[in-house]
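Read through the structure below, which is laid out as structure tokens, and then see the notes.
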Amino acid sequence: MRIATFNINGVKARAEVVLDWLRDGAPDVALLQEIKSVDEAFPREPFEDLGYRVETHGQKGFNGVAILSKLPIEDVTRGLPGDEDDEQARWIEATVIGARAVRVCGLYLPNGNPAPGPKYDYKLGWMDRLKTRAEALLKMEEPALMAGDYNVIPQDDDAARPDAWRDDALARPETRAAFREIVNLGFTEAFRARKQGPGHYSFWDYQAGAYDRNDGIRIDHHLLTPQAADLLTECWIEAELRGREKPSDHVPVWIELDA
DNA sequence: ATGGTAGATAGTCTA
């Protein structure tokens, strides 16, 4: 089972790019972030025509997540638990039925800038709720993963210019600590389980020729429960996509599970 | 120091 996470930065603007990408790579499951569309406006048909079930959790204008799956899916839930008043569409879950059943959570973690401030408080509060959901996933003792745009640069190695991000909401010490707390519950960060060292990025800003200068950051991650980590065979970043026509500012991050 | 770009939307907000 191959699963990719991809912040597409708007499904209306990116539909053709994403459809071409799906035709080329044919992931079994695609977790999409920043669909920037309400559910009713998501262009389901061309995705269904490629053999994907389409489950969306959108809102007007911003945010929004989706799960596309070639495999059967069950028990879809929307919204991160823990705050009834949170109206931002940033979380969707489903159980994907392959050779093994895998609980798949797609997430778009708040950016949090400017920090400090109310947006940063919302980010840290959201991460606290994420930790609670993560603890519950671990207790199931089944293959499960949480993947998406975390808006977290975990370590200095994950940025081309770490000093430029030092005070940013994506890299502040409180952000990194909250991310570590979740990982250290017992999750495997798939990419770092497969590859160490600097120079691996999943996002390049549209501005100032960031991609041409390889001025990137690695903020899109797969966190696996121990039972899912046992099934991990590969993890890779499809950086090449950033250099094509009309790209998203993020690129897909893939994992392959023996499931 | 500022502005540089992109998307959704319809004046700005988010990133």
Side-chain angles (χ1 to χ4, degrees), chain A residues 5-21 30-44 46-47 56-66 80 86-91 106-127 130 147-154 158-172 174-176 178-179 201-221 237 239-253:
Chain A
T5 177
F6 189 6
N7 179 323
I8 63 172
N9 191 20
V11 71
K12 293 180 192 71
R14 208 75 57 216
E16 288 311 314
V17 165
V18 175
L19 288 162
D20 284 343
W21 168 71
L31 305 172
L32 306 182
Q33 300 91 40
E34 283 206 88
I35 64 174
K36 294 187 176 180
S37 167
V38 294
D39 295 334
E40 306 77 58
F42 192 97
R44 309 173 59 89
F47 294 91
T56 62
H57 180 42
Q59 69 179 92
K60 185 181 171 72
F62 310 107
N63 304 327
V65 288
L80 182 65
D86 185 3
E87 294 179 349
Q88 299 195 30
R90 297 177 174 278
W91 181 267
L107 67 97
Y108 176 46
L109 204 149
N111 176 293
N113 281 303
K119 290 188 176 177
Y120 192 56
D121 294 340
Y122 174 68
K123 177 176 194 155
L124 293 179
W126 203 95
M127 294 182 84
L130 175 60
D149 177 359
Y150 277 75
N151 272 313
V152 173
I153 302 168
D158 299 309
R161 294 184 300 124
D163 288 340
W165 296 91
R166 200 70 67 195
D167 299 321
D168 191 278
L170 277 60
R172 289 169 69 89
E174 306 97 304
T175 303
R176 289 181 166 177
F179 182 77
Y201 311 125
S202 66
F203 169 94
W204 297 260
D205 200 290
Y206 286 122
Q207 303 181 73
Y211 182 67
D212 294 332
R213 296 183 291 111
N214 198 23
D215 181 11
I217 53 177
R218 195 178 67 88
I219 58 176
D220 300 270
H221 311 299
I237 300 173
E240 177 270 332
L241 213 62
R242 185 64 177 79
R244 292 203 203 160
E245 286 293 304
K246 205 170 166 57
S248 171
D249 41 6
H250 295 249
V251 295
V253 183

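Chain naming here is simple, since letters A, B, ... match the order of the sequence lines and numbering starts at 1 in each.
Within the 4.0 angstrom heavy-atom criterion, no nucleotide atom of any strand lies near A:R213. In this structure, A:F203 reaches neither bases nor backbone, as no heavy-atom distance under 4.0 Å exists between it and the strands shown.
Along DNA chain B, the nucleotide closest to A:I35 and the one closest to A:Y108 are compared, and the more 5′ of them pairs with A:I35.
With rounding to whole Å, A:D205 atom CG is found 13 Å from B:dG7 atom P. Rounded to an integer number of Å, the gap from CZ of A:F62 to P of B:dT14 is 6 Å. Taking atom OH of A:Y120 as the reference point, atom P of B:dA15 lies 15 Å away to the nearest angstrom. Taking atom OH on A:Y206 and atom P on B:dT14, their separation rounds to 18 Å, with Å as the unit. If you take NE2 of A:H250 and P of B:dA15, they are 10 Å apart, rounded to a whole angstrom. Remark: P of B:dT14 and CG of A:D249 are 17 Å apart, rounded to the nearest angstrom. Here B:dA15 presents its C1' atom at 13 Å from CD of A:Q88, a figure rounded to the nearest Å. The distance between atom CG of A:D168 and atom C1' of B:dT14, rounded to the nearest whole Å, is 14 Å.
Checking each of A:V11, A:N9, A:N63, A:I8 against A:K36 for a side-chain contact (heavy atoms from CB on, under 4.5 Å) leaves exactly one that passes, namely A:N9.
Every residue meeting the side chain to side chain donor-acceptor pair (under 3.5 Å) condition with A:S202, not counting sequence neighbours, appears here in chain and number order: A:D220. Every residue meeting the side chain to side chain donor-acceptor pair (under 3.5 Å) condition with A:W204, not counting sequence neighbours, appears here in chain and number order: A:N214. Under the rule for a side-chain contact (heavy atoms from CB on, under 4.5 Å), the partners of A:R161 that lie at least two apart in sequence or sit in another chain are A:A164, A:D215. By the salt bridge (Lys or Arg N to Asp or Glu O under 4.0 Å) test, A:D167 pairs with no residue at all, sequence neighbours left out. Legend: residues meeting side chain to side chain donor-acceptor pair (under 3.5 Å) with A:Y201, ordered by chain and number and at least two apart, are absent.
A:K119 has no side-chain polar atom (N or O) that falls below the 4.0 Å cut-off from OP1 or OP2 of B:dC13. Taking side-chain N and O atoms only, A:K36 has no distance below 4.0 Å to OP1 or OP2 of B:dA6.
Using bins of under 30°, 30° to 60° and over 60° for the plane-to-plane angle, the ring pair A:W91/A:W126 lands in the perpendicular bin.
Atom name C1', nucleotides B:dG3 and B:dA15: the rounded distance is 15 Å, in whole Å. Taking the P atom of each, B:dT2 and B:dA6 are spaced 23 Å apart, rounded to whole Å.
Heavy-atom distances under 4.0 Å link DNA chain B to A:N9, A:G10, A:K12, A:A13, A:R14 of residues 6-14 of chain A, given in residue order.
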